Amino acid sequence: MNEVFWGLPVISYLFLAGVGAGAYTVSASVLLRGGGGGFGHKHFQIARYGALLAPLPMMIGTGLIIFELGTFTAAFENGDFWLLFRWIRLFLTITMSPMSIGSWVLAVCILASLVYAYTFLSPDAKPGDDKSSLRLAMAWVGVPLGIAVAIYTGVMLGAMPSRPFWNSPVLVLLFLMSALSGGVAGILLLKAIFDHEPQTDDAGGTEPAGKIDRSSYLLSASDMILIGFELLAVFLFIMFTYLTVGAQKVAISVILPGGSLSMLFWVGVVLIGLLIPAIIELKYVLPTLLHKKVYTIPRRVEMIVALVVLFGGFLLRYVVVIGGQITGPVGI
Amino acid sequence: MKNSDVNLSRRNLVAKAGLGAAAAVATATLPKPAKAEATDRTVQYAMVIDTRRCVGCHACSVACKAEFDVPLGETRSWVEYIEKGEYPNVSRQFLPRLCNQCSDPPCVRVCPTGATYKRKEDGIVVVDADICIGCKYCMQACPYDARFINPRTGTADKCDFCLHRVSQGIAPACVNTCQGRARIFGDMNDPDSEVAKLIATEPVTVLRQEMGTKPNVYYIAADHTDDGDARFQHQYLRVDTHRRAKERR
């Protein structure tokens, strides 16, 4: 068994940064698309959940990777206090390393997401208030920044021929889709937890709480589409590596039937993390999509879908990070 | 007085400028064939390991441990045993391993702080322990598994061809100690060096050439068999890495 250099801190970081960056991008997109376009107050509310959520997972995840740094561990072992802060070296330079560029992008993204969250902080925040222009500016910045954070992790892992499992351009697509889908799920979860108030639809009428919700249609429908793209990415990821020769073909066998991560991947990631939420969302979204029926989804189902998507997102990072490290180049 | 000062300095200036120009012309036109040759050619230290002469005694590993006080459980230099075949058709080969000091080192490409770099003067890939943050990205990127985190400093560490010895004109510790003279060290770019001659005259191979790293450690008669080959050839194979990582990466 190969040694695993990057363990749970890095896995959690990849997941949390993905969710945070995804939430930022989704929130900013919803705000920019719906803020001035007459989608009404509920879209602003969705953007608000995303904005308030985004910085937290990114900051927690970033805090976690510091635990994986060799210098951080050594600081406790040999009592060198300054080693705790050696990571500052990341920000004293910039190199062409994906990790260097990624650190800068991540730092800028966290700062921008904090400013963006600040513009939503007041309970009275609404479209067109005094922070509106700053909010819109941060939203414009947030879409590319969030996507950049989501894809840099895939580029970082994919940049090494010595790790054939990761060395695929499709990994970037997989991570991006998972990040966006995780961001939507995070927003959906917050919305399902906190949105008890009677809903006001565009016509101004009130609906029973948690029964009818026009705005969550957007979230569930987009999550469903994102999961569709993620399934496509999984398919491409496996096919491209399986159809090649050499190290990549050998490495992918770790998640194919018979491989040590196969169960976790097919049951955990694909079935629980992708297919089940997609099918549930399809059941609720299709009547509205096809027959223009009023979109209804029980809050409990919404929560379960969101949690399952997040669980699948974590398992995906787990399988990818571990799978990449227990496989290596063939030959010597 | 001021005027004369100015005049004086101006005169000095003109004189100095003339001298400078003359000097510049002189250096530019001075024929120095020997020196020009020396500066054109960069030094690239390389090692040739003649596995036919290796008896797997681990003297190189021990010398390396002693030279650097390498922490327990970590290895800068190690010797792998490759046993294969079924009695009576069996063989046991030895494969001494170390950092390949690649000419296109993936570890350098991925280092986010610039702590690891390839020295221009001798082609040795080194880690600056004062800059490294211990992110382990280089350990992921190295196809030879040559790197480890030194638990004392928390930073990446690896073989550096005994830079402290080589820079003083002494052979690396492993080369110095090798009983069978299986390790030959020298400047690959010097056509008169033993390594250059061996590389030119012997059928040398490098490890994992397909990784595009352009390694500078060459092997003569190395056994490149790995698990995949053994499965395909339906033969018994046991690789003993003699390090904490029981399997080759």
Side-chain angles (χ1 to χ4, degrees), chain A residues 1-7 10 65-66 68-78 80 82-104 156-157 159-164 166-167 245-247 249-250 321 324-332, chain B residues 80 82 95 97 106-115 117 128-145 147-157 205 207-213 219 222-229 231 239 243-249:
Chain A
M1 184 63 72
N2 286 278
E3 282 185 75
V4 173
F5 305 136
W6 285 346
V10 170
I65 26 172
I66 292 179
E68 191 68 280
L69 293 182
T71 46
F72 193 83
T73 325
F76 293 103
E77 275 165 27
N78 60 22
D80 186 349
W82 292 107
L83 275 181
L84 290 177
F85 300 100
R86 182 59 77 76
W87 52 268
I88 286 171
R89 285 270 172 202
L90 275 176
F91 298 105
L92 299 183
T93 180
I94 183 159
T95 68
M96 282 311 287
S97 160
M99 191 185 278
S100 175
I101 297 169
S103 308
W104 280 101
M156 184 177 82
L157 297 187
M160 298 173 287
S162 59
R163 294 298 190 192
W166 294 339
N167 194 10
V245 292
K249 192 188 175 87
V250 174
V321 170
Q325 294 181 88
I326 60 174
T327 53
V330 293
I332 187 68
Chain B
E80 290 172 355
I82 300 150
L95 192 68
R97 301 280 306 269
C107 50
V108 171
R109 273 205 303 270
V110 301
C111 179
T113 58
Y117 57 96
D128 188 335
D130 292 331
I131 296 178
C132 174
I133 61 169
C135 71
K136 308 177 195 168
Y137 200 4
C138 54
M139 291 158 64
Q140 304 282 13
C142 176
Y144 306 105
D145 211 2
R147 288 170 167 259
F148 58 90
I149 290 285
N150 188 322
R152 284 195 208 101
T153 57
T155 56
D157 205 351
T205 55
L207 301 184
R208 289 186 171 146
Q209 189 175 26
E210 71 281 5
M211 290 286 139
T213 54
Y219 290 85
D223 192 337
H224 292 271
T225 314
D226 84 327
D227 294 338
D229 303 323
R231 261 196 306 279
V239 176
R243 45 191 331 224
R244 200 182 57 216
K246 295 293 170 215
E247 266 177 49
R248 269 185 197 148
R249 161 137 132 238

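Letters go in sequence order (proteins before strands), and every chain restarts at 1. Given the structure is predicted, the values throughout are model-derived calculations rather than measurements. Values below: every heavy atom of this structure, side chains too, minus hydrogens, waters and symmetry copies.
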Contact class of B:Glu210 relative to chain A, heavy atoms under 4.5 angstrom: side chain
Other residues, nucleotides, ligands: >12 heavy atoms within 6.0 Å of B:Gln209 CD: no
Flag, side chain of A:Thr71 to backbone of B:Ile133, donor-acceptor distance under 3.5 Å: yes
Interface moiety of B:Thr153 toward chain A, non-hydrogen atoms closer than 4.5 Å: backbone
Contact origin within B:Ile149 toward chain A - heavy atom pairs under 4.5 Å: side chain
Shortest non-hydrogen separation from B:Cys111 to A:Ser97 and the atoms involved: O-CB, 3.4 Å
Interface residue of largest heavy-atom contact number with chain A, from B:Pro143, B:Ala222, B:Ala156, under 4.5 Å: B:Pro143
Distance in Å, B:Gln140 CD paired with A:Phe5 CZ, rounded so as to fall on 0.5 Å steps: 6.0 Å
A:Trp166, part contacting chain B, at a heavy-atom distance under 4.5 Å: side chain
Contacting region of B:Thr225 [heavy-atom separation from chain A under 4.5 Å]: backbone
Heavy-atom donor-acceptor pair, B:Arg208 side chain to A:Gly331 backbone, under 3.5 Å: yes
For chain A, the option from B:Val239, B:Asp130, B:Leu95 that forms the most heavy-atom pairs under 4.5 Å: B:Asp130
Sidechain-backbone polar pair: B:Tyr137 side chain, A:Met156 backbone, donor-acceptor under 3.5 Å: yes
Options A:Arg163, A:Met160, A:Glu68, ranked by heavy-atom pairs under 4.5 Å with chain B, top entry: A:Arg163
Top contributor to chain A interface from B:Cys142, B:Ala141, B:Gly228, B:Gly114 [non-hydrogen pairs under 4.5 Å]: B:Ala141
B:Lys246 side, atom NZ; A:Glu3 side, atom CD - distance, nearest 0.5 Å: 10.0 Å
Residue selection (most heavy-atom pairs with chain A, distance under 4.5 Å) from B:Gly154, B:Ala115, B:Pro151, B:Cys132: B:Gly154
Between CD1 on residue A:Ile332 and OH on residue B:Tyr144, distance to nearest 0.5 Å: 8.0 Å
Beyond-backbone contact of B:Arg109 with A:Met96, side-chain heavy atoms, under 4.5 angstrom: no
Chain A contact via B:Cys135 - side chain, backbone, both or neither, heavy atoms under 4.5 Å: both
Heavy-atom proximity to chain B below 4.5 Å, by part of A:Leu69: both
Part of B:Asp145 lying under 4.5 Å from any heavy atom of chain A: side chain
Among the listed options A:Gly328, A:Ala247, A:Ser100, the residue most often paired with chain B at heavy-atom distances under 4.5 Å: A:Ser100
Backbone N/O of A:Val330 and side chain of B:Asp226: donor-acceptor pair under 3.5 Å: no
Check: A:Pro329 and B:Arg249 side chains under 4.5 Å, non-hydrogen atoms: yes
A:Arg86 vs B:Thr155 side-chain heavy atoms within contact, under 4.5 Å: yes
Pairwise side-chain contact, B:Val110 with A:Met99, heavy-atom cut-off 4.5 Å (strictly under): no
Residue pair B:Thr113 / A:Leu90, side-chain heavy-atom distance below 4.5 Å: yes
